Asks: 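I'd like to ask some things about the structure below.
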Amino acid sequence: MYWSQGQVPGTMEDSAGVSVGAPLVEIRHLKSHLGETVALRGWVRNARTSKTRFVELRDGSGFVQCVVGANDADEASYELAGKLTQECSITLEGEVKAHPKTGEPEILVKKLELIGGSVDFPITPKDHGIEFLMENRTLWLRSKRQWAIIRIRHTIVKAIRDFFDGDGFTLLDAPILTPSSCEGTSNLFETDYFHEGSAFLSQSGQLYQEPGVPAFGKVYCFGPTFRAEKSKTRRHLTEFWMVEPEMAFAGLDDVMVLGERMVKFILERVLAEKQEELKILERDTAPLELALREGFAKMSYTEAVEKLKTLGSDINWGEDFGNDDETILMNAMDRPMWVHRFPKSFKAFYMEYDRENPDLAMGADLLAPEGYGEVIGGGERATSLDYLLEQIQHHGLDQKDYEWYLDVRRYGNVRHAGFGMGLERAVAWICKLPHVRETIPYPRMMGTLRP
RNA sequence: UCCGGAGUAGCUCAGGGGUCAGAGCGGGUGGCUGUUAACCACUAGGUCGGGGGUUCAAAUCCCUCCUCCGGAGCCA
């Protein structure tokens with residue numbers, strides 16, 4: 001079924017039995033229908049009544065003000081316009097005009113009909129607390145702010161897929177039900193699994209990407225991951241999305257180059273396609289434009305520790321960045337920054353070590369500016385079988401769980417590297433949100449499982 | 001898990017031992033020259049988070065439990 005640009009499927013009588021005469025259009029296309037009579041369907045965001053009545057309508061594609069004048073609309077429609085409640089669904093037709101003050105398209109309504117009523121919509125146009133909003137997450141999604149965030153999230157997801165697809169990567173989906181911890185570093189959700197007894201929800205697709213390297217050269221996975229950590233911070237979810245590319249014949253520097261290209265690809269897309277949404281969020285786009293334009297900063301872990309000390313942190317060499325170390329570091333930074341070559345001690349067992357200093361791991365994290373901190377973590381993978389066996393033992397892992405992983409080294413071993421980017425942290429930074437809980441439609445956190 | 005804060009109308013909050021259980025928003029009714037978190041008037045709406053205690057008297061003080069928020073830790 002095909003229809004012309006700006007039209008949506010619909011007939012003279014739509015499914016709700018409401019008569020529609022003029023061609024149905026989506027609000028996002030109104031600019032190209034100035035002067036025409038069109039029909040719209042959607043939900044009432046707000047309605048103001050004076051002699052002339054104003055209905056703020058949204059249809060998911062955008063927002064528009066509809067003007068119902070006593071002399072322009074028929075009597076029943078004018079009457080109805082005075083009784084509309086928040087979030088009732090309506091259909092209307094009228095002429096598309098430019099707003100006398102703002103110049104934005106608005107609708108001079110001729111006819112208005114109710115589709116579905118709405119009594120006492122809980123989320124009123126005033127302030128609400130986060131507890132209440134989270135309890136009403138399904139209804140909260142209708143708000144302008146959530147609309148903007150979720151649409152930007154969508155654009156970021158699409159940009160990520162387009163970036164890797166266009167760069168010769170093959171999608172290699174990683175399993176979500178796994179037999180054991182991938183990295184052995186964090187707590188996993190456990191569930192029953194037939195004869196195996198237990199299965200665990202994946203905390204990373206990383207180990208499943210490496211075997212894809214000899215098979216496809218460049219691979220990526222992009223799906224949900226799970227961490228059962230009791231973390232209660234602005235940057236933690238128990239269920240979050242991660243994109244994890246892995247490539248053959250690549251090292252630490254290649255990871256930083258790839259990650260930077262990907263982030264810039266994402267920024268370019270969002271800035272090109274989501275200006276309206278960024279404006280709704282009152283996001284100052286200057287830092288994003290700067291990140292897109294300039295090369296990302298680079299600093300070794302050792303340099304970062306020195307810098308942190310001058311900024312007042314009590315961190316010592318050998319310790320992982322604490323709670324606010326990333327924040328302190330990135331408040332002082334105007335663009336994303338790679339921090340590389342960490343002490344091996346707090347990194348995953350599969351990390352390659354630095355030939356120039358065996359105490360260091362060939363890892364790199366990308367920290368987002370404006371206080372956001374880590375969005376990407378990755379690096380070069382250890383290639384030596386003997387070294388890996390030693391690391392597995394050292395981390396208290398069972399070698400027989402990893403034989404399939406070690407085969408990557410046994411058969412056609414090559415240098416390879418990759419990274420993982422947490423989608424929600426990227427969305428939070430790009431939208432400049434104070435907390436990741438708004439970056440995903442239905443957040444799962446310690447203490448939040450509903451709705 | 002630890003530390004701190006908060007639970008009073010549908011929502012956001014004020015009131016902190018004794019004439020008030022209150023305001024704004026939202027709902028209802030009426031008014032209003034194009035409004036935009038519209039505005040104005042009137043109106044309905046409450047087990048002051050649960051339980052226990054102190055007191056002549058508790059929304060208010062004490063204990064306890066629950067929930068949420070912020071932070072720490074853990075982690076990415």
Side-chain angles (χ1 to χ4, degrees), chain A residues 44-57 63-72 81-87 97-102 104 106 108-109 117-136 139-140 143-145 181-188 203-204 206 225-244 319-327 342 346-348 363 365-368 372-378 419-426 428 434-437 445-448 450:
Chain A
V44 173
R45 237 175 73 74
N46 194 8
R48 293 176 288 278
T49 61
S50 57
K51 186 175 180 186
T52 305
R53 288 158 183 180
F54 300 90
V55 180
E56 270 186 63
L57 189 72
F63 305 84
V64 69
Q65 172 168 278
C66 304
V67 185
V68 189
N71 301 322
D72 304 310
K83 290 179 180 165
L84 294 174
T85 54
Q86 196 190 347
E87 290 302 322
K97 300 192 119 171
H99 189 292
K101 287 176 196 161
T102 67
E104 291 293 305
E106 64 172 15
L108 193 59
V109 176
S118 170
V119 178
D120 296 337
F121 189 75
I123 303 175
T124 59
K126 282 273 177 167
D127 291 333
H128 298 281
I130 191 65
E131 181 182 3
F132 177 77
L133 290 170
M134 289 295 290
E135 280 168 6
N136 291 282
L139 302 177
W140 189 20
S143 77
K144 213 167 187 173
R145 177 183 166 83
S181 167
C182 285
E183 306 184 4
T185 53
S186 66
N187 296 319
L188 306 181
Q203 59 157 317
S204 165
Q206 151 68 25
T225 49
F226 307 85
R227 307 274 168 100
E229 299 296 341
K230 292 187 174 176
S231 299
K232 266 182 59 179
T233 80
R234 67 187 68 201
R235 47 174 76 137
H236 287 84
L237 297 166
T238 52
E239 176 181 322
F240 63 98
W241 284 63
M242 189 152 67
V243 59
E244 294 173 278
E319 297 168 359
D320 202 353
F321 293 154
N323 40 68
D324 51 15
D325 285 330
E326 287 183 10
T327 306
F342 297 90
F346 58 76
K347 286 291 175 180
D365 289 356
L366 184 69
L367 309 186
Y372 278 88
E374 183 177 351
V375 291
I376 290 179
F419 66 79
M421 181 179 80
L423 174 65
E424 287 74 18
R425 287 183 177 182
H435 199 296
V436 291
R437 66 185 155 217
M445 298 176 292
M446 177 187 143
T448 303
R450 296 186 173 78

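All chains are named by letter (A, B, ...) in the order of the sequence lines, taking the proteins before the strands, and each is independently numbered beginning at 1. On a predicted model such as this, the values are computed, not experimentally measured, just so you know.
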Asks: Can you measure A:Asp324 atom CG to B:rC75 atom P for me and round it to whole angstrom units?
Replies: 16 Å
Asks: Please give the distance between the C1' atoms of B:rC32 and B:rG45 as a whole number of Å.
Replies: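 My reading of the C1' atoms in B:rC32 and B:rG45 gives 26 Å.
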Asks: Which nucleotide in the set B:rU36, B:rC74, B:rU35 lies at the smallest distance from any side-chain heavy atom of A:Glu56?
Replies: B:rU36
Asks: For A:Glu131, which contact category applies under a 4.0 Å heavy-atom criterion: base, sugar-phosphate, or nothing?
Replies: sugar-phosphate
Asks: A:Phe54 or A:Met446: which one's nearest nucleotide on RNA chain B is closer to the 5' end?
Replies: A:Met446
Asks: To the nearest Å, how far apart are A:Gln86 CD and B:rA38 C1'?
Replies: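 Interatomic distance, CD of A:Gln86 to C1' of B:rA38: 15 Å.
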Asks: Need one value for A:Leu423: base, sugar-phosphate or nothing, where a base atom within 4.0 Å counts as base even if backbone is also close, heavy atoms only.
Replies: nothing
Asks: For A:Pro100, report the nucleic acid contact type (base, sugar-phosphate, nothing); a contact means any heavy atom under 4.0 Å.
Replies: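 Base contact - A:Pro100 has a heavy atom under 4.0 Å of at least one base atom.
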Asks: Have a look at A:Thr225 and say if it touches a base, only the backbone sugar-phosphate, or nothing, with a 4.0 Å heavy-atom cut-off.
Replies: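 Nothing, no nucleic acid heavy atom in range.
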Asks: Remember a base hit wins even if backbone is also touched, and classify A:Lys51 as base, sugar-phosphate or nothing at under 4.0 Å, heavy atoms.
Replies: sugar-phosphate
Asks: Regarding A:Asp127, tell me which of base, sugar-phosphate or nothing describes its non-hydrogen contacts under 4.0 Å with the strands shown.
Replies: base
Asks: Just the rounded figure in Å: distance from P of B:rU36 to NE2 of A:His99.
Replies: 10 Å
Asks: Pick base, sugar-phosphate or nothing for A:Thr102, based on heavy-atom distances below 4.0 Å to the nucleic acid.
Replies: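 If one applies the 4.0 Å heavy-atom cut-off, A:Thr102 turns out to touch nothing in the nucleic acid.
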Asks: So what does A:Phe132 hit on the nucleic acid, given a heavy-atom distance under 4.0 Å: a base, only sugar-phosphate, or nothing?
Replies: sugar-phosphate
Asks: Which nucleotide sits closest to the side chain of A:Arg227: B:rC75, B:rG70, B:rG73?
Replies: B:rC75
Asks: What's A:Arg425 touching, base or sugar-phosphate or nothing? Going by heavy atoms closer than 4.0 Å.
Replies: base
Asks: According to a strict under-4.0 Å criterion, is A:Arg48 in side-chain N/O contact with OP1 or OP2 of B:rU35?
Replies: no
Asks: Counting heavy atoms from C-beta on, name the nucleotide in B:rG34, B:rC69, B:rC74 closest to the side chain of A:Lys232.
Replies: B:rC69
Asks: In whole angstrom, give the distance that lies between atom CG of A:Leu57 and atom C1' of B:rU35.
Replies: 16 Å
Asks: Is there a donor N/O on one and an acceptor N/O on the other, under 3.5 Å, for the side chain of A:Thr124 and the base of B:rC11?
Replies: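 Looking at the base of B:rC11, it does not pair with any donor or acceptor on the side chain of A:Thr124 (distance under 3.5 Å).
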Asks: Looking at A:Lys230, does any N or O in its side chain come under 4.0 Å of the phosphate oxygens OP1/OP2 on B:rC2?
Replies: no
Asks: Looking at every strand, decide which applies to A:Phe240 at a 4.0 Å heavy-atom threshold: base, sugar-phosphate, or nothing.
Replies: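 The answer is base, as A:Phe240 lies within the cut-off (heavy atoms under 4.0 Å) of a base atom.
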Asks: At 4.0 Å (heavy atoms only), tell me whether A:Met421 reaches a base, stays on the sugar-phosphate, or touches nothing.
Replies: nothing
Asks: Would you mind calling B:rG16 syn or anti? Take O4'-C1'-N9-C4 for purines or O4'-C1'-N1-C2 for pyrimidines, and syn is within 90° of 0.
Replies: syn
Asks: Would you say A:Arg437 places a side-chain N or O within less than 4.0 Å of OP1 or OP2 belonging to B:rG70?
Replies: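 Yes, such a contact exists.
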Asks: Checking only heavy atoms, does the side chain of A:Glu106 share a donor-acceptor pair with the base of B:rG34 at less than 3.5 Å?
Replies: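 Looking at the base of B:rG34, it does pair with a donor or acceptor on the side chain of A:Glu106 (distance under 3.5 Å).
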Asks: Counting only side-chain heavy atoms from C-beta out, which of B:rU12, B:rG34, B:rA37 sits nearest to A:Asn46?
Replies: B:rA37
